[in-house]
> 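Once you've had a glance at the structure underneath, I'll fire off some questions.
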Amino acid sequence: MKIFNKEKLKEVDEFTIKEQNIKSEELMERAAVQLFGWLKTQLKEHQPKINLFCGIGNNGGDGLALARLLLNDGYEVEVYIVNFSDKRSDDFLLNLNRLKENKFWPEFINENSDLPELQQGEIVIDAIFGIGLNRPAEGWVKELIQHINQSKTYVISVDVPSGLYLDKAPDDKEVIIKAETTITFQLPKLVFFLPETAEFAGRVEIADIGLDQNFISNTAAEASLIQQPDAQRLYQSRTKFSHKGTFGHCLVAGGSYGKMGSVLLATKAALRAGAGKVSALIPKCGYQILQLGIPEAMVITAENEKHLTNTQTDFVPESICFGIGAGKEEGTKHYLEQLMKEHGSPMLIDADGINILAENKDLWKLLPEKSILTPHPGELRRLLGDWEDDFDKLEKAKRFSLEYKVILVIKGAYTITIADENLYVNSTGNPGMATAGSGDTLSGIISGLVSQGYDPGVAAVFGVYLHGKAGDLAAEKLGFEALIAEDIIQHLGKAYKSLFE
Ligand SMILES: NC(=O)C1=CN([C@@H]2O[C@H](COP(=O)(O)OP(=O)(O)OC[C@H]3O[C@@H](n4cnc5c(N)ncnc54)[C@H](O)[C@@H]3O)[C@@H](O)[C@H]2O)[C@@H](O)CC1
Ligand SMILES: [K+]
């Protein structure tokens with residue numbers, strides 16, 4: 001599903017209004033009907049008091065239209081106009097008049113008004129600012145936002161939590177509504193998935209307001225949210241006549257004394273992801289661990305007992321996964337250098353492989369085109385240096401990815417893959433996956449996909465989705481706390497199957 005920026009969101013609204021020959025108020029009504037339908041379904045027979053805080057733009061207009069629908073259905077409703085300006089939008093005014101025609105008079109909150117009391121168990125609908133926010137809220141509006149945040153009400157934001165920009169980091173986190181749920185129109189917004197701002201949106205629901213699908217399909221987006229239908233399109237089916245050679249030979253090179261389990265996990269994950277053959281290349285001390293731990297894999301040992309060093313293989317792997325548990329010994333660095341020079345095709349580099357790169361910038365030019373780097377935040381910082389905020393981080397990461405023609409998988413609650421200047425935001429995964437070895441399984445899965453012939457960019461996006469989905473399926477059975485990396489591998493088959501359920 002595409003993620004549009006503010007300009008494109010405005011364009012699709014305008015295009016839809018023209019194409020469907022409707023007035024803008026019709027879109028607002030559709031938005032309100034969607035909000036109303038969602039609320040009614042959630043509330044069932046409950047009738048809590050609903051406090052609607054409406055700004056003076058179209059976001060506020062959505063709130064007023066919703067208030068009318070709620071009143072007509074018999075809900076207990078209080079409407080507060082957050083009267084921060086007299087530049088009211090036409091559709092706001094239209095919906096204000098409609099409310100008055102229904103003999104309902106909202107309260108106006110102005111500079112010197114008392115802020116209304118909000119009780120536990122009540123609902124707040126936040127329709128103060130939407131995508132039209134262009135500066136931080138100040139003065140009494142800021143106080144109102146803080147007042148709502150401090151209340152014990154259930155807060156539902158309309159389109160965007162008020163105070164959150166779509167295209168830049170917040171100047172002041174104290175002036176953003178912290179919603180339990182955000183009901184956003186038609187398309188998800190990038191800020192809902194970035195580490196510094198995701199918390200404000202809470203649970204995100206997407207409401208279809210009938211914006212023009214052709215326009216959306218034909219308009220390029222710099223970012224997309226990868227959900228089940230998107231992942232399904234990336235899947236490559238197998239023919240009856242395939243054999244193990246069809247799905248490639250994956251080489252997992254990594255490990256050091258005391259960190260052999262990570263290679264074991266990546267190797268297993270590559271096999272479960274569907275690689276035809278997997279060889280683990282490890283220092284000598286890991287031989288028995290690997291052979292016993294995963295009989296389906298082949299094992300090659302480097303000369304050194306405890307860390308990886310230059311090693312020749314007698315086959316050309318279709319994919320290489322380098323760096324897991326590898327340490328940063330000089331010999332290991334030389335081996336990475338040798339691999340990058342000799343193996344012309346893309347490699348996946350993770351963990352200490354990334355740390356070695358971060359400490360040896362002269363190696364960057366050797367990165368084979370379309371290689372995949374899978375840093376967690378700490379590794380990314382070592383690679384790119386400090387960033388100011390999430391947007392700055394993404395800009396720096398995009399530049400790096402473009403300059404070295406590599407794919408960056410930025411791991412987090414919503415992992416973002418950067419390939420060809422596009423951002424792919426993953427929708428699967430859960431807090432249970434913040435556990436040792438989880439990243440090793442991801443690298444194994446992606447490498448297993450590359451070895452089967454998936455394009456590296458596709459392998460990264462698809463692999464991240466499958467990894468998260470396997471984690472979600474595991475968490476359904478085990479809960480978050482008990483989930484360990486092995487469970488992710490165990491559920492990979494079900495994750496594949498779920499693509500078609
Ligand atoms: N056709 C459309 O464009 C549709 C728009 N919809 C709603 O319209 C929203 C966008 O509406 P608007 O563009 O009117 O803008 P908003 O309602 O988000 O903002 C209202 C006004 O506040 C002013 N403002 C911004 N930041 C401020 C600040 N910190 N302090 C004081 N004033 C500030 C802006 O100049 C703007 O005119 C969407 O988020 C969505 O909720 C929906 O009704 C669906 C259809
Ligand atoms: K809002």
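Counting starts at 1 for both ligands and their atoms, following the listed order. None of these values were measured; they are calculated from a predicted model.
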> Name the residue from Trp140, Phe129, Phe108, Phe53 that meets the ring-ring contact (aromatic ring centres under 6.0 Å, His included) definition with Phe84.
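The passing option is Phe129.
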> Assert yes or no for the condition that the ring centre distance of Tyr424 to Phe462 is strictly below 6.0 Å.
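Not under 6.0 Å, so no.
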> Under 3.5 Å, side-chain donor or acceptor atoms of residues 399-411 against the rest of the protein: list the pairs with distances, not counting sequence neighbours.
| unit_1 | atom_1 | unit_2 | atom_2 | d |
| --- | --- | --- | --- | --- |
| Ser401 | OG | Val406 | O | 3.0 |
| Lys411 | NZ | Thr374 | O | 3.1 |

> Are Lys18 and Phe15 in a cation-pi contact, defined as NZ or CZ under 6.0 Å from the six-membered ring centre and within 45° of the axis?
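The answer is no, since Lys18 fails at least one limit relative to Phe15.
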> Working note: Tyr165 + Asn134, criterion side-chain hydrogen bond (donor to acceptor under 3.5 Å, both in side chains); need CA distance, chi angles, decisive distance, verdict.
CA-CA 8 Å; Tyr165 299 113; Asn134 51 27; over 6 Å; no
> Within less than 3.4 Å of the K ion (ligand 2), how many protein N/O/S atoms are there?
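Of the protein's nitrogen, oxygen and sulfur atoms, 6 lie under 3.4 Å from the K ion (ligand 2).
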> Exactly one of Thr182, Leu225, Val204 should register a side-chain contact (heavy atoms from CB on, under 4.5 Å) with Pro188. Which one does?
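Only match with Pro188 under side-chain contact (heavy atoms from CB on, under 4.5 Å): Leu225.
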> Find out whether Asn58 and Ile131 are in side-chain contact, i.e. whether some heavy atom of one side chain is under 4.5 Å from a heavy atom of the other.
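Not in contact.
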> Just to verify, what does Gln34 make a side-chain hydrogen bond (donor to acceptor under 3.5 Å, both in side chains) with, not counting sequence neighbours?
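For Gln34, no residue satisfies side-chain hydrogen bond (donor to acceptor under 3.5 Å, both in side chains) once neighbours in sequence are set aside.
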> Is there a side-chain contact between Ile156 and Glu180 in this structure, where contact means two heavy atoms from C-beta onward sitting under 4.5 Å apart?
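Answer no - side chains too far apart.
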> Identify all N/O pairs between ligand 1 and the protein with a separation under 3.5 Å and present them as a table of atom names and distances.
| unit_1 | atom_1 | unit_2 | atom_2 | d |
| --- | --- | --- | --- | --- |
| ligand 1 | 3 (O) | Asp13 | OD2 | 2.8 |
| ligand 1 | 14 (O) | Asn58 | N | 2.8 |
| ligand 1 | 17 (O) | Asn58 | N | 3.3 |
| ligand 1 | 17 (O) | Asn59 | N | 3.0 |
| ligand 1 | 18 (O) | Gly130 | N | 2.6 |
| ligand 1 | 18 (O) | Gly132 | N | 2.9 |
| ligand 1 | 26 (N) | Asn134 | N | 3.1 |
| ligand 1 | 26 (N) | Asn134 | OD1 | 3.1 |
| ligand 1 | 29 (N) | Arg135 | O | 2.6 |
| ligand 1 | 29 (N) | Pro136 | O | 3.2 |
| ligand 1 | 32 (N) | Arg135 | NH2 | 3.3 |
| ligand 1 | 35 (O) | Asn134 | ND2 | 3.4 |
| ligand 1 | 39 (O) | Ile131 | N | 2.9 |
| ligand 1 | 39 (O) | Asp159 | OD2 | 2.6 |
| ligand 1 | 41 (O) | Asn59 | ND2 | 2.8 |
| ligand 1 | 41 (O) | Asp62 | OD2 | 2.6 |
| ligand 1 | 43 (O) | Asp62 | OD1 | 2.4 |
| ligand 1 | 43 (O) | Asp62 | OD2 | 3.3 |

